[in-house]
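Proteins get letters first, then strands, A, B, ... in listed order; numbering begins at 1 in each. Since the structure is predicted, the reported quantities are computational estimates derived from the model, not experimental observations.
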Amino acid sequence: MDITSILYPVLSIGGMGVVFGAFLGFAAIKFKVETDPRVPKVRECLPGANCGGCGYAGCDALADAIVKGEAPVNGCPVGGAAVAEKVGAVMGVKAGAGEKMVAFVKCNGNCDAAGTKYEYFGIEDCEMEANLAGGRKLCSYGCLGDGNCVKACNFGALRIENGIAVVDEEKCVACGACTKVCPKHLIDLVPYGSPVRVQCNSNDMPKVSKDNCSNACMGCQLCARNCPEKAVSINAFLAKVDYSKCTGCGTCTEKCPTKAIKHFN
Amino acid sequence: MNLLVILITAVFINNYVMSQFLGICPFLGVSKKVETAAGMGVAVIFVMALASAASWLVFNFILVPLKLDYLYNIAFILIIASLVQFVEMFIKKSSPSLYQALGVFLPLITTNCAVLGVAVSNMQKGYNFIEAVVNGVGGAVGFALAIILFAGIRERIARNKILPAVQGFPLALISAGLMSIAFLGFSGLSL
């Protein structure tokens, strides 16, 4: 047996390994991308849910943006003030306390209140149902209750109750995942603990709104006229609360004939 | 004409995922969304074209002259792994935006057996350099086609209420099997 038949394979494969290894090592130096040492530190402070609530592709992308100065240190809506403080310590910036927000479903058209135009037996998916003449509800603005937001929520903060989505405000971290999947764009982020909210999103004419759903806002102006703080305005037959002005006195909720504007907390 | 035959054969008839069952791992792992599936597909096209060229060169200029062609498997693994590493570094430096799009998929391709399968089949069929590259691109396009179609199917499935017993991977495997049967139809093509 010829010794070369052992030597050649060992040398050639070993040689290839050495050449490739050296080449990769050289390339690693040559093509080195400078990363700021603060990026991994900031990344450690972030929750790591990769929910995308900050508007970046994930926690790594947000850490990168914070270090570059493109995002504020309190850019993470999930971590809130605690995380902002830690990130601020890494970045050497004092974190302004970000206001805690929660998701809020602007519809109270539950099974008792809202009329339907047909019975839906299709796939339990809001987007699919919305494709069928805007969904089974007479009101084309209302919650379909098939739970796309429930599926989208990583924190178990949403549930379907009596045909409409309801947010558990203690579990909600305001990542905004549900606001993006709702085909009716019903879910908004509102300040946590804001006392008065409008639980309707219908821009229909008053009579149409009233016929479609007994809980609808008809844009009757009673709330706007009676608000002592001028915090409520009506636009396109729909009341809107300015949360920065609202004191939670409850005048509007008493006057509202359909209780579409409601007292929370 | 010959090249066209090789291309069509690689894309449809000998589809690496659907007929030869290579590269199943990324096929099942990265096919939850059409968007990521397309990213993976593009990354595979890129790497497979490079890998088939590099492995052809090493095989014909190093292994064959030294009569070491029986070592092709080890050599190809070595080439593909280091090539993917290098491509990742190169893209990261030269084009951060491309890295954002492909970067996460590149390490997955390092151990993708479809890439190794292309290199091996190039060698076994005795293709010349151009044919080998065309076969590589064709195989990768076939992979991209399969994974994007499959991701579309899985997106639709995800909307349905599924029997708990087959939820998730079992149903993905069943639909992959059905898709494979559909691809069997291409084997009737005679080119």
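- In the displayed structure, A:Tyr118 atom OH is contacted under 6.0 Å by more than 12 heavy atoms of other residues, nucleotides or ligands.
- Sparse packing is recorded around NZ of B:Lys33, with 12 or fewer heavy atoms of other residues, nucleotides or ligands lying under 6.0 Å away.
- Taking each heavy atom of A:Met16 and B:Ala75 in turn, the nearest pair found is CE-CB, 3.9 Å.
- Among all heavy-atom pairs drawn from B:Tyr70 and A:Ser5, the shortest one is OH-O, 4.1 Å.
- Atom CD of B:Glu35 has 12 or fewer neighbouring heavy atoms from other residues, nucleotides or ligands inside a 6.0 Å radius.
- The two residues A:Ile13 and B:Leu78 have their closest heavy-atom pair at O-CD2, 4.0 Å.
- Here the CD1 atom belonging to A:Ile123 is positioned 6.5 Å from the CZ atom belonging to B:Arg156, to the nearest 0.5 angstrom.
- Heavy atoms closer than 4.5 Å to chain B are found nowhere in A:Ala61, neither backbone nor side chain.
- In this structure, no portion of B:Leu83 lies under 4.5 Å from any heavy atom of chain A.
- Rounding to the nearest 0.5 angstrom, the gap separating the OH atom in A:Tyr8 from the NZ atom in B:Lys67 is 9.5 Å.
- By the 6.0 Å contact criterion, NZ on B:Lys32 is open, its count of non-hydrogen atoms from other residues, nucleotides or ligands being 12 or less.
- Between B:Arg159 and A:Glu124 there is no salt bridge, since no side-chain nitrogen of the basic residue lies less than 4.0 Å from a carboxylate oxygen of the acidic one.
- Taking B:Leu66, B:Leu71, B:Leu68, B:Ile62 one by one and counting their heavy-atom pairs under 4.5 Å with chain A, the maximum is reached by B:Leu68.
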